[in-house]
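The structure appears below as structure tokens.
For ligands, and for the atoms within them, numbers begin at 1 and follow the listed sequence. What you see is a predicted model, and the numbers here were worked out from it, not measured in a lab.
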Amino acid sequence: MINLVLFGKPGAGKGTQAAFLKEKYNLLHISTGDLFRFNIQHGTDLGKLAQSFIDQGDLVPDSVTINMLEAEVDKHPEAKGFIFDGFPRTTDQAKALDEFLGKKQMPITATIALEADDDRLVERLLQRGQTSGRTDDQDEEKIRNRFQEYNLKTAPLRSYYEAQNKFHSIDGIGTIEEITDRLTAVIDHFL
Ligand code: AMP
């Protein structure tokens, strides 16, 4: 079983790459951002709770996010492995994930960060916002706040996973195919 975590600031291409990787390695893709947006669209209590945080570009509180993620994993006992996209984003989330997966004897295989510079990402996100309808992609201030959240809360996970020898990073600038190739070069090492 392979369990992967994809890191990267908003716009780094996590979702795009996860769509390729899930096919190639027969993995189940879980994006916490997608789960929140699904709940918002369907007007659930979880969606109502998450909306104001997402609108401001802030992280949704850990307790809510961790419970949602664990429930989603539990819905798929048949899965051959998972790609976690956008989770964990805080040290408490990472610890909770380790504990949760540890109990199931399905530890994280590797975490991979897609690196790209902020100005390039802002450009990409503003462009995506024109077609995706995502309000958090349409306002540069909110985008910069999401980067700030990443720097403050998610970047420390690098040393968390380095300590477990599970952290890898690749250049996230290039064509979609080039980046997929860089990712598979890392992942194939674990097959
Ligand atoms: P994303 O689609 O991954 O860019 O996520 C969109 C938004 O959903 C983020 O800006 C956060 O507000 C929220 N979100 C997604 N994943 C998490 C997470 N693991 N922890 C807290 N908030 C999250």
Side-chain angles (χ1 to χ4, degrees), residues 3-22 28-75 82-101 108 111-116 118 120-158 160-161 172 179 183:
N3 294 304
L4 302 172
V5 171
L6 284 187
F7 285 121
K9 286 182 181 165
K14 300 184 296 295
T16 305
Q17 292 300 328
F20 285 102
L21 298 179
K22 74 171 184 183
L28 205 122
H29 172 206
I30 298 185
S31 153
T32 40
D34 285 350
L35 288 174
F36 283 130
R37 283 184 288 278
F38 179 89
N39 277 278
I40 290 170
Q41 271 162 17
H42 289 80
T44 67
D45 288 344
L46 176 65
K48 284 176 195 144
L49 197 156
Q51 181 145 31
S52 60
F53 295 98
I54 294 179
D55 282 348
Q56 294 310 311
D58 293 333
L59 292 187
V60 178
D62 280 344
S63 53
V64 177
T65 309
I66 291 167
N67 284 338
M68 176 179 78
L69 185 280
E70 294 184 355
E72 192 62 23
V73 171
D74 280 337
K75 276 186 204 160
F82 292 89
I83 303 180
F84 298 104
D85 156 7
F87 187 97
R89 265 169 148 111
T90 66
T91 304
D92 281 350
Q93 290 181 15
K95 287 181 180 162
L97 185 64
D98 272 349
E99 198 178 318
F100 176 70
L101 295 180
I108 289 168
T111 71
I112 312 176
L114 301 173
E115 310 281 2
D118 287 7
R120 182 84 70 115
L121 294 177
V122 169
E123 231 173 81
R124 270 196 203 167
L125 287 169
L126 289 172
Q127 223 165 13
R128 181 170 87 181
Q130 288 175 6
T131 49
S132 70
R134 281 181 59 171
T135 50
D136 60 342
D137 284 347
Q138 291 167 1
D139 177 331
E140 183 162 344
E141 204 178 315
K142 286 181 190 169
I143 291 173
R144 299 261 179 206
N145 186 45
R146 285 154 73 199
F147 291 172
Q148 174 90 340
E149 287 282 78
Y150 189 91
N151 291 334
L152 277 175
K153 298 176 182 168
T154 310
L157 293 181
R158 178 187 185 114
Y160 179 89
Y161 286 110
I179 296 162
L183 284 165

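At under 3.5 Å, not a single nitrogen or oxygen of Phe87, backbone or side chain, sits near a nitrogen or oxygen of ligand 1. Some N or O of Gln93 is nearer than 3.5 Å to an N or O of ligand 1, by distance alone.
A distance-only check finds no donor-acceptor pair linking the side chain of Asp85 to the backbone of His29 [under 3.5 Å].
For Asp45, there are no salt bridge (charged side-chain N to carboxylate O under 4.0 Å, His left out) partners two or more places apart in sequence or in a different chain. Contacts of Lys22 classified as salt bridge (charged side-chain N to carboxylate O under 4.0 Å, His left out), with partners at least two apart in sequence or in another chain: none.
Proximity of Asp62 to ligand 1, defined as any heavy-atom pair under 4.0 Å, is not found for any part of the residue. Only the side chain of Thr65 comes within 4.0 Å of ligand 1, judged by heavy-atom distances. Contacts between Arg37 and ligand 1, counted as non-hydrogen atom pairs separated by less than 4.0 Å, involve the side chain only.
Residue Asp58 approaches ligand 1 through these ligand atoms, each under 4.0 Å from one of its heavy atoms: 11 (C), 12 (O). In summary, the atoms of ligand 1 found under 4.0 Å from a heavy atom of Val60, numbered by their order in the structure, are 13 (C), 21 (C), 22 (N). Distances below 4.0 Å separate heavy atoms of Thr32 from the following atoms of ligand 1: 15 (C), 16 (N), 17 (C), 19 (N). Every atom of ligand 1 is numbered from 1 in the order shown, and the set under 4.0 Å from a heavy atom of Arg134 is 1 (P), 2 (O), 4 (O), 6 (C).
How far CG of Leu4 is from CG of Leu183: 9.0 Å, rounded to the nearest 0.5 Å. Here Lys14 contributes atom NZ and Ile179 contributes atom CD1; the two are 12.5 Å apart, rounded to the nearest 0.5 Å. One distance of note links NE2 of His42 with NZ of Lys48; it measures 13.0 Å at 0.5 Å rounding.
Distances from ligand 1 to the non-hydrogen atoms of Glu149 include no value under 4.0 Å.
For the residue pair Lys142 and Thr135, the shortest heavy atom distance occurs at CD-O, 4.5 Å. Minimum interatomic distance between Pro88 and Ala94 (heavy atoms only, all atoms of both residues): CB-N, 3.5 Å.
In this structure, atom 23 (C) of ligand 1 lies nearest to the protein heavy atom Phe36 CE1, 3.7 Å. In terms of protein heavy-atom proximity, atom 7 (C) of ligand 1 is closest to Ile54 CG1, 4.0 Å. When only non-hydrogen protein atoms are considered, atom 9 (C) of ligand 1 lies nearest to Arg89 NH2, 4.0 Å.
Of the candidates Leu59, Asp92, Asp58, Lys153 forms a side chain to side chain contact (heavy atoms under 4.5 Å, CB included) with just one, namely Leu59.
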